[in-house]
Amino acid sequence: MIFGTHFTNELHRVTLNFPDEREEKYREYYFVRSFKTTRVAYLILAFLYGFFGYLDSIVAKDFLQLFISIRIVVVAVLLAVFFFSFSKKFKNNWQTSLFISYFIGAVGIIVMLIMMPDVIIYSSGLILVFLAGSVLIKLRSFAVSVASWIVIFVYIIAGIVWNIDRTIIISNSFFFIGANLIGMFAAYRTEIFNRQNFDLIVKIGETNRQIEQANKNLEEKVAARTKLLNSRNKELKEEVKHRALVEKQLIAAKEKAEESDKLKSAFLANMSHEIRTPMNGILGFANLLKEAESEEELDEFINTIINSGEHLLNLINDIIDLSKIEAGILKIEKSKFELNTLTKEIYDMFSVDSNVVNKNLKLTYQNDLADDDCLIFTDRMRLKQIMINLVNNACKYTDEGSIEFYYTIQDDGLFFKVTDTGIGISEEAQKYIFDRFMQATVGRTSGRESTGLGLAISKTYLNLMGGEISVKSKLNEGSEFYFTLPGVVVKSKVLANNGV
Ligand code: ADP
């Protein structure tokens with residue numbers, strides 16, 4: 001697999017070059033891995049090349065001077081390459097330097113071989129040179145093959161030119177070619193091995209990087225997932241909390257609905273009683289009319305019938321208002337009107353009220369604005385109804401003493417207050433008297449026409465108009481009911497004077 005696919009697909013068969021940018025990297029890698037070995041090899045070769053001069057002194061006495069000169073030149077070249085290997089320029093020229101020095105070394109031996117053709121040590125010497133070229137000096141296989149073939153070619157040509165015995169040339173060439181083929185094969189295999197090794201290192205590096213990246217990605221994914229899960233967890237906890245709250249609210253709403261249902265039933269029972277009382281009054285006294293014995297008695301019966309009728313009408317109006325509120329169809333219809341006229345109407349109405357007259361209550365009122373400067377803009381009918389409810393309650397729940405009502409202007413809003421010296425309301429009851437159908441206590445309101453609707457209706461009206469109602473009260477001492485209604489004053493000298 002490594003030899004087959006790798007080799008055929010990726011390396012050039014002859015030059016053994018990579019087809020891509022790996023070639024560049026491989027050369028760098030090859031240089032880094034080889035230059036020290038090359039250095040040592042050149043030292044060894046320089047020594048051997050020089051040391052073999054000893055043999056010259058034995059077998060080639062006639063040419064000793066020439067041979068020694070050749071050896072000196074070659075050793076100088078080899079040492080020059082050795083020293084050059086320490087220079088920075090060596091990296092870019094090292095293969096050329098190896099090629100040239102290898103060639104020079106070989107040519108030196110060829111010269112000796114030509115001079116002494118039948119001495120075996122020089123042909124062996126050339127084979128040693130081939131050996132050194134292919135396995136020792138790290139010249140690339142293609143270069144060493146080319147150089148070796150040129151060397152053999154030079155030898156044959158020189159042999160022919162110097163008229164050396166053909167048999168010697170041929171037999172030497174046989175050995176040289178054989179040695180060269182073996183050397184080529186060795187260099188070729190070594191280079192393939194080196195290149196495949198390099199390729200594997202690169203691939204392992206890449207795979208490692210990919211694994212590292214994949215690891216990193218995985219870690220990031222795990223971190224993101226953990227974050228998501230944490231936030232989901234948080235959301236779920238919130239959701240559970242929220243649901244628990246909703247459940248609580250639902251239970252509360254259910255309890256309230258049940259309570260409201262109970263109250264409605266109680267209200268209906270109360271209502272039938274409340275309606276029956278004035279109805280009985282009307283029917284009973286209407287029957288008695290026929291039997292009246294005097295004018296006064298007749299007047300008394302007629303008055304009772306009228307009072308009962310009015311009470312019935314008020315009750316029915318309250319019920320209608322309530323059902324409108326429940327149905328959400330209650331509309332606020334605003335208009336401009338004079339506030340003092342309204343308070344006067346209230347006063348006139350209650351100054352002849354049976355409660356005030358019969359219990360001899362002192363009813364007083366006060367206006368904040370002057371009669372000619374008291375325009376306000378709101379729903380007159382509802383406002384009057386609220387005021388009537390409050391003043392009526394004060395008259396109803398006061399057995400002796402006084403009732404006082406007044407208004408003031410705060411900013412451009414209305415502040416209205418009714419104070420009485422009546423039976424008062426417990427702190428506990430103050431919390432719910434504004435709720436529908438709620439009365440302070442059944443016992444304490446008995447004997448008074450009471451439905452528990454007036455304050456609830458008043459509060460709803462006020463809220464619809466943007467206002468608020470409150471109470472301050474002490475049992476057996478009296479009560480203060482007051483409300484605010486913002487943004488209703490149209491134009492007032494009081495406001496103008498205050499710079500508003
Ligand atoms: P109603 O007067 O028809 O019962 P309201 O809603 O007007 O209905 O009043 C609710 C309850 O508040 C009354 O039943 C009464 O107990 C108490 N209340 C209201 N106004 C006064 C007041 N001025 N003094 C004492 N108690 C009051």
Side-chain angles (χ1 to χ4, degrees), residues 36-86 94 96-139 143-184 186-187:
K36 280 183 185 155
T37 322
T38 304
R39 230 177 244 168
V40 177
Y42 266 72
L43 269 188
I44 293 170
L45 289 177
F47 169 74
L48 286 177
Y49 214 98
F51 183 68
F52 272 62
Y54 173 69
L55 290 181
D56 299 337
S57 66
I58 300 170
V59 296
K61 286 189 180 112
D62 298 345
F63 301 104
L64 193 59
Q65 211 176 348
L66 173 68
F67 284 16
I68 294 299
S69 309
I70 290 171
R71 287 192 191 277
I72 289 173
V73 170
V74 172
V75 168
V77 168
L78 295 176
L79 287 178
V81 173
F82 170 76
F83 289 116
F84 184 43
S85 75
F86 291 94
W94 74 301
T96 318
S97 314
L98 299 192
F99 185 94
I100 293 169
S101 55
Y102 170 71
F103 190 71
I104 291 172
V107 168
I109 303 288
I110 289 172
V111 174
M112 296 180 204
L113 193 55
I114 296 296
M115 296 296 140
M116 305 281 295
D118 40 2
V119 178
I120 196 127
I121 61 165
Y122 294 108
S123 51
S124 307
L126 196 60
I127 289 173
L128 272 186
V129 172
F130 288 147
L131 194 66
S134 54
V135 298
L136 200 58
I137 62 169
K138 302 285 180 188
L139 190 56
V144 81
S145 307
V146 171
S148 301
W149 285 117
I150 296 173
V151 167
I152 293 171
F153 183 70
V154 168
Y155 168 69
I156 294 169
I157 298 294
I160 293 168
V161 172
W162 264 275
N163 220 1
I164 307 293
D165 184 350
R166 295 291 142 88
T167 338
I168 293 175
I169 297 179
I170 291 170
S171 56
N172 274 346
S173 297
F174 261 76
F175 281 102
F176 296 159
I177 289 169
N180 190 26
L181 285 176
I182 293 168
M184 268 173 67

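These values consider heavy atoms only, across backbone and side chains, with no hydrogens, waters or symmetry-generated copies.
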I want to check something: taking the side chain as every heavy atom from C-beta on, are [X] and [Y] in contact at a cut-off of under 4.5 Å?
X: Leu78; Y: Val74; result: yes
X: Val81; Y: Trp94; result: no
X: Thr38; Y: Phe82; result: no
X: Phe176; Y: Val151; result: no

Minimum heavy-atom distance between [X] and [Y], given as atom pair plus value:
X: Ser173; Y: Ile156; value: OG-CG1, 3.5 Å
X: Gly183; Y: Ser134; value: O-CB, 3.3 Å
X: Gly133; Y: Leu139; value: O-CB, 4.2 Å
X: Leu45; Y: Ile137; value: CD1-CG2, 3.3 Å

What's the separation between atom [atom1] in [X] and atom [atom2] in [Y], rounded to the nearest 0.5 Å?
X: Asn172; Y: Ile168; atom1: CG; atom2: CD1; value: 7.0 Å
X: Phe52; Y: Met112; atom1: CZ; atom2: CE; value: 11.0 Å
X: Leu131; Y: Asn180; atom1: CG; atom2: CG; value: 11.5 Å
X: Phe63; Y: Ile70; atom1: CZ; atom2: CD1; value: 10.5 Å
X: Ile170; Y: Asp165; atom1: CD1; atom2: CG; value: 9.0 Å

Evaluate whether atom CZ of Phe86 has more than 12 neighbouring non-hydrogen atoms of other residues, nucleotides or ligands under 6.0 angstrom away.
yes
CH2 of Trp149: more than 12 outside heavy atoms within 6.0 angstrom?
yes
Under 3.5 Å, which donor-acceptor pairs link side chains of residues 113-128 to any protein atom two or more places apart or in another chain?
| from | atom 1 | to | atom 2 | distance (Å) |
| --- | --- | --- | --- | --- |
| Tyr122 | OH | Asp56 | OD1 | 2.3 |
| Ser123 | OG | Ile120 | O | 2.9 |
| Ser124 | OG | Ile120 | O | 3.0 |

Just distance, no hydrogens or angles: give the donor-acceptor pairs under 3.5 Å from side chains in residues 96-111, sequence neighbours left out.
| from | atom 1 | to | atom 2 | distance (Å) |
| --- | --- | --- | --- | --- |
| Ser97 | OG | Asn93 | O | 2.8 |
| Ser101 | OG | Tyr42 | OH | 2.6 |
| Ser101 | OG | Ser97 | O | 2.8 |
| Ser101 | OG | Leu98 | O | 3.0 |
| Tyr102 | OH | Ser148 | OG | 2.7 |

From the list Leu181, Val135, Ile152, side chain to side chain contact (heavy atoms under 4.5 Å, CB included) with Phe130 holds only for Ile152
Pair Val144, Met184 - check side-chain contact (heavy atoms from CB on, under 4.5 Å), show working.
CA-CA 7 Å; Val144 81; Met184 268 173 67; 5.6 Å; no
Can you list everything that forms a ring pair (Phe, Tyr, Trp, His ring centres under 6.0 Å) with Phe153? Sequence neighbours excluded, please.
none
Would you verify whether the NZ or CZ of Arg39 falls within 45 degrees of the ring axis of Phe84 while also being under 6.0 Å from that six-membered ring's centre?
no
